[in-house]
Structures are given as structure tokens and as C-alpha cells.
Number of protein chains: 2
Amino acid sequence: MKSQSAEESRIAQLCVEHGLKMTGQRRVIARVLSDADDHPDVEELYRRAAALDARISVATVYRTVRLLEEKGILERRDFGGGRARYEVNEGDNHHYHLIDVDNGKVIEFEDPEHEELMRKVAQRLGFDFVSMRLELFGKKRPSAQATAKPAVASKAKRSGEPS
Amino acid sequence: MKSQSAEESRIAQLCVEHGLKMTGQRRVIARVLSDADDHPDVEELYRRAAALDARISVATVYRTVRLLEEKGILERRDFGGGRARYEVNEGDNHHYHLIDVDNGKVIEFEDPEHEELMRKVAQRLGFDFVSMRLELFGKKRPSAQATAKPAVASKAKRSGEPS
DNA sequence: ATACGTGCAAACGATTTGCCCATTG
DNA sequence: CAATGGGCAAATCGTTTGCACGTAT
């Protein structure tokens, strides 16, 4: 969690700046997004939003999240498992994701050389780099503390994770 | 396309080696897969298979493709657009994909340093590298020949491609 | 023979959308 | 007040599955 005062959340402000009509539900969803420091899917966003204000439907969460993505305020991610996950767009502050295959937890990491590398690859192939998608899947090295909760990534539909 | 004689296709052989019962439809699907040099989705596989032998249903294609993936014979890919795409598993011959954002065409490329780099990242974060997913999205540099067919990637559901 | 594969249609899970009422600017 | 957003339920879309029947081993 980041702010959480009574004033407009960061996302809410961005909404206003983008000329969006600010309804009660949007304000709530905006707050939930602003406060999130993970990568919730729509169902989870709905859960959190409904906890703050019951007058919200999943449909609205879907609509809002799509709208915010189109405005560039949110970024949609696909970590496999069939549901889209969202995080606030941090602009040029690019980072990538390492997914713990044992519990589905997501760790963010940076790797500056990386995008440069990919830019070169695109160039070499005769393309202009537009964007990239990179996910790393790993298993916690059995060193220090025991593995946290044993399996959040339980009944994933059809885990998109390779090999 | 690669072979296409009357003998068993490469995939069919692999099926046998994996102890799979070889039915007519599996043989057909196996041939289609063996002959493909692109990344077809289920619908496309079905189209191609049905062209060779009408006694095939989509359900069977789905079942077969899933089976082959579980056996490690096929690899499922997700290039955004909502449908899974398949290609024959080439073992350690890893390669990545560059998707042309204008027409959805997929270009394969290699980048040996890459996996090593990711392995190091995982290590640094306290994880053992399990696998990774990398897709590059690019726009053909407006240099030589004109852009091929203008838009195969038409009505994609919700293109997973970032930025 | 017997276990396994297949076609068909119904079931599913995530996401979208039509309709009609509620709210915002 | 005119334009937009929201709730609800029905609709979509890719994919899976139950069931009764066919086929490979």
C-alpha cells in the first residue's frame, strides 16, 4: 500500500487529467489500484473494491480496467493462468517479472542492458523495436528460509509457463 | 513444409516412440504439424487437417495438441490474441519470436547470450532458472520492399502485446 | 477383448455487451 | 439536460468434457 488518505488517489488524479468522468466506483477502483503493490487480476480488484464499497460490479471493474489500459494508465500482464493481471504504468521505469513456479508469487526486477539488447536484435532483423514481453520462471533456491505458502498457483487453467 | 511423402511423418514417429495409439486422425494431425513451418493455432490446424481428411473434429485437434504438449513433442506459445499457437519442440535449439505488429507475422531468431543472462538474473534473485518467455514486437523498418499484406492481425480479441 | 480415441453437444471460465436506469459535468 | 457510466444478465470466445460409440493393440 502506498497512500490511502481521504484525498484523491494517484490514479484518480490521472483519470481526471485524462478527462474521465469521475464516478464513485471509478474513485474506488482507482484507490485500490493506487494502493496495490502487487499484480492483481480483475477478480481480485473486484474483491478489494467491493470491500470498500459494495455498489460495484465485476463488469465495471472490467470496463474500468480496460479504459485505464487504453489511456495508458494501466498495463495488462499475462503471467499464464488465464487471467489478465494489472499494474500501474510506471512510464520509462521498465521492469520485468520473475514468477515463482511453486507459489505464483511475482518478483519484479530490472535489467537495463536487456531492452538495449532486444532493440539491437530487432534492428538486425530489419524491424523497429516496438515493445517486448519477458517473463522469467524460477524455483526458489533451497537455501535460506523454507518456501512460503505451499501453492497459491493451485488450479491454474492452463499455465502459460513453458518447459 | 518439410517432408510429405507417404511414410509416417516425423511427429507420427515421435508419437509411436511415446507409446501413443496411432489413429487415423492422429496421423493426419501429425502430418500437418510435421509439414508446418509456422505457428498455427488450433483452428488453423483443424482447417489443414480437415483438408486432408474430413473425419476430424476440432475437439480431437484440441485433445491431440494437448496430449502432444504434455509429451513434450509440441510447444504451446502465446503471442497474444487469445489463442494458443503451436510449434514442434526442437529440443535445445532454443529460439525466440519477433511479432510484426502490423500483420501478426512471426519471425524466429536466436540469441544465445540471452538465456545465460536470464539464468544469472534468476540466480541473483535467489532462484533457480526454470524457463522463460520472451516475445519481441516490432514494426518493419520502412526501408526496402513495401509492407507485405496489410493486416492479417485484424480482429484479434485483445492483443497481449504491450505498449 | 479391452483400453483408449473420437464426435457431438453441452459445459466452462474469462471477458464483453445490450438494455435500461442512474449519475456526472 | 445531454452525455456517459453502471448493474444485471445474456452473449462470446477459446477450450474442455460427458457420453455413447468406434478402433487400435
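Lettering follows sequence order; numbering is per chain, from 1. Scope of the values below: all heavy atoms of this structure, side chains included, with no hydrogens, waters or symmetry mates.
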Nearest to the side chain of B:Y62 - D:dC8, D:dG14, C:dG5?
D:dG14

Double-helix bend of the helix from C:dA1-D:dT25 to C:dG25-D:dC1, axes at both ends from 5 pairs, round to 10°, gives 30°

Rounded to the nearest angstrom, tell me the gap between atom CD in B:E44 and atom P in D:dC13.
18 Å

It should be established whether B:T23 places a side-chain nitrogen or oxygen under 4.0 Å from OP1 or OP2 of nucleotide C:dT6.
yes

Separation between CG (A:L136) and CZ (B:R119), nearest 0.5 Å, reads 9.5 Å

Whole angstrom value for the distance that separates C1' of D:dG5 from CZ of A:R55:
14 Å

Closest-nucleotide ordering on DNA chain C, the 5'-leading residue of A:E43 and B:R63
B:R63

Looking at the base of D:dG6, is there any donor atom on it, or on the side chain of A:R26, that sits under 3.5 Å from an acceptor on the other one?
no

Over how many whole Å does the gap from B:R76 atom CZ to D:dG14 atom C1' extend?
12 Å

Do A:R85 and A:E87 meet the salt-bridge criterion of a basic N to acidic O distance under 4.0 Å?
no

Over how many whole Å does the gap from A:E70 atom CD to D:dG5 atom P extend?
12 Å

Backbone N or O of B:M22 within a donor-acceptor pair of the B:R27 side chain at under 3.5 Å?
yes

So does A:R47 pair up with A:E44, basic N to acidic O under 4.0 Å?
yes

Counting only side-chain heavy atoms from C-beta out, which of D:dT15, D:dG6, D:dG14 sits nearest to B:V42?
D:dT15

I need the CD1-P distance between A:I29 and D:dG5, as an integer number of Å.
13 Å

Choosing from C:dT6, D:dT15, C:dT15, which nucleotide comes nearest the side chain of B:A84?
D:dT15

For the pair B:D78 and A:R133, find out whether any cationic side-chain nitrogen is under 4.0 Å from an anionic carboxylate oxygen.
yes

Under 4.0 Å: is that the gap between some side-chain N or O of B:R66 and OP1 or OP2 of D:dT16?
yes

d(CD, B:E69; P, D:dT16) in whole Å
10 Å

In whole Å, what is the span from the CG atom of A:D41 to the P atom of C:dG13?
15 Å

First of B:R83 and B:M22 reached from the 5' end of DNA chain D, by closest nucleotide
B:R83

When the distance from CD of B:E8 to P of D:dA24 is rounded to whole Å, what number comes out?
13 Å

Assign each of B:L20 and B:Y86 to its nearest nucleotide of DNA chain D by heavy atoms, then name whichever residue's nucleotide is nearer the 5' end.
B:Y86

Please determine, for the side chain of A:Q25, which listed nucleotide (C:dG7, D:dC8, D:dG6) has the closest atom?
D:dG6

Distance col, row A:L134:CG vs A:H97:NE2, nearest 0.5 angstrom, shows 10.0 Å

Measure the spacing between CD of A:E115 and OH of A:Y96 and express it to the nearest 0.5 Å.
5.0 Å

Toward the 5' end of DNA chain C, which comes first, B:I56 or B:K21, by nearest nucleotide?
B:K21

For B:S34 and B:I11, indicate whether the former's side chain and the latter's backbone hold a donor-acceptor pair under 3.5 Å.
yes

